[in-house]
Amino acid sequence: MQIAAPADVRLLEKGMSVGEGLAAFSSAHQRAGAVASFLGTVRPDEAVQALELTHYQPLTLPGMSQLADSALRRFGLDGVLVWHRVGVMAPGQPIVLVITASRHRREAFDAVDFLMDHLKSAAWFWKREKRPDGWHWIEPRERDHADLARWN
Amino acid sequence: MQIAAPADVRLLEKGMSVGEGLAAFSSAHQRAGAVASFLGTVRPDEAVQALELTHYQPLTLPGMSQLADSALRRFGLDGVLVWHRVGVMAPGQPIVLVITASRHRREAFDAVDFLMDHLKSAAWFWKREKRPDGWHWIEPRERDHADLARWN
Amino acid sequence: MSVRIVFLGPLRDMAGEQEREVAGPLDWHGLLREVGPQIAGQLAESRVNVACSGRVLADKTALFANDGDEVALLPPVSGG
Amino acid sequence: MSVRIVFLGPLRDMAGEQEREVAGPLDWHGLLREVGPQIAGQLAESRVNVACSGRVLADKTALFANDGDEVALLPPVSGG
């Protein structure tokens, strides 16, 4: 698998090879020393049968790329990977994978946190859940906004 | 690859399949929702030609297992993976891989941090570097002890 | 040629369609008229954004879309 | 049968060997004599631990190893 350096940013219509992503990213950034990651999956919940993420082509991917660039600069990263699913996902399936490479652990961790907080409530995605009574749109929780405000 | 649940703890004499580890761990813990990881590699440095980690059989792996168990309990994790290399490693090669699965991102992140702080300065490993003038033993830095004290 | 209005997220359900073509040019008041009172009420909220030709407007009331432009109505996001 | 003393990390270099067999039983003062003054000086430091039969001693001066036991000298660790 080819990884774009310093930023590999993808919107995926189906599936996500998380293991291959980490393996390829870490060999592309062998000089880093510290590689941190976060993988978010659809949490199985009796009431939730599926999750759907929609995006808006002209904004979503460019916004993710800008976010990746700002993480690179802010945390002095060697590399960053931001992959996000769109479409319909079943419980247990990956939604988002973020990986960062840095000289030190702290910067790699903080950058993953920063990226996830922004993807949750400041990226151009709209999420809805399918429950027994139909589809329901999900809005960010208060907590998500508070998490985002930490970086201002 | 088979992953032991809830804790997969390994001392590896050679190599480490980080991508396979993440893929197998995340499919073994699909109910979690949040999977965080840290991968530490030998940081390429002009002066460092190799790194050697030694361990003491009767203490090292049992100590890692106890550490994994205490992380499971303390952070209410669904699963944890702790893999650590011993022997001689070249620059760029993996030293340590820690992965945690939890219902929420914060606990997964904090548990990785906790595990890494303990592996750095409270697990039975001794590290030395090969430089042009020979081998040099590495002691934990002040910073490592301060990081560890955060969890008391 | 015309202006395309794109409805995102819950606004798509409210509109009952993903997009609509209207005659240009289209300004803020024209937009409010085109989308009907329910969506116009949403657009009045500060947390609903408007993009024109792929750029999010700092001041959505300054919208001025010409024929060929795409106007996207962006409710609060939730990703990850 | 005898007591095996195992030198870890930098103590291995100081001892010039990985392990040494000595006659049991072996107590703290016997250990200090067996390892020589340089390593005895290291053992006096609180950050150097001693394990006997796979258990780290809370009070290393209470060491009492019998024939067949393994005594490990554990200098400050550094992993990760």
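Proteins get letters first, then strands, A, B, ... in listed order; numbering begins at 1 in each.
Checked against salt bridge (charged side-chain N to carboxylate O under 4.0 Å, His left out), A:Arg143 has the following partners two or more places apart in sequence or in another chain: A:Asp147.
The candidate with the highest count of non-hydrogen atom pairs below 4.5 Å against chain A, out of C:Pro76, C:Ala51, C:Pro75, is C:Pro75. Among the candidates A:Val96, A:Leu59, A:Ile95, the residue making the largest number of heavy-atom pairs closer than 4.5 Å to chain C is A:Leu59. Options A:Ala122, A:Pro62, A:Pro58, A:Ala123 differ in how many heavy-atom pairs under 4.5 Å they form with chain C, and the most are formed by A:Ala123.
Using a 4.5 Å cut-off between heavy atoms, A:Thr54 touches chain C through its side chain atoms alone. Both the backbone and the side chain of A:Ile138 come within contact range of chain C, with heavy atoms under 4.5 Å apart. Heavy-atom distances place both the backbone and the side chain of A:Trp126 under 4.5 Å from chain C. For A:His118, no part sits under 4.5 Å from any heavy atom of chain C, backbone or side chain.
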Which atom pairs, one a donor and one an acceptor, fall under 3.5 Å between side chains of residues 24-43 of chain C and the rest of the protein, sequence neighbours left out?
{"unit_1": "C:Asp27", "atom_1": "OD1", "unit_2": "C:His29", "atom_2": "N", "d": "3.3"}
{"unit_1": "C:Asp27", "atom_1": "OD1", "unit_2": "C:Gly30", "atom_2": "N", "d": "2.8"}

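Enclosure of atom CD in C:Glu45 by more than 12 non-hydrogen atoms of other residues, nucleotides or ligands within 6.0 angstrom is indicated. Counting non-hydrogen atoms of other residues, nucleotides and ligands closer than 6.0 Å to CZ of C:Arg55 gives a total of 12 or fewer.
Residues of residues 78-93 of chain A that come within less than 4.5 angstrom of chain C, heavy atom to heavy atom, are A:His84 in numerical order. Contacts between residues 6-21 of chain C and chain A, defined by a heavy-atom separation under 4.5 Å, are made by C:Val6, C:Leu8, C:Gly9, C:Pro10, C:Arg12, C:Asp13.
Looking only at side-chain heavy atoms (C-beta outward), C:Glu70 and A:Gln57 stay at 4.5 Å or farther from each other. For the pair C:Val77 and A:Tyr56, the minimum side-chain heavy-atom distance is 4.5 Å or more.
C:Gly79 and A:Lys127 make their closest contact through O-NZ, 3.2 Å (heavy atoms, listed as atom of the first residue, atom of the second, distance).
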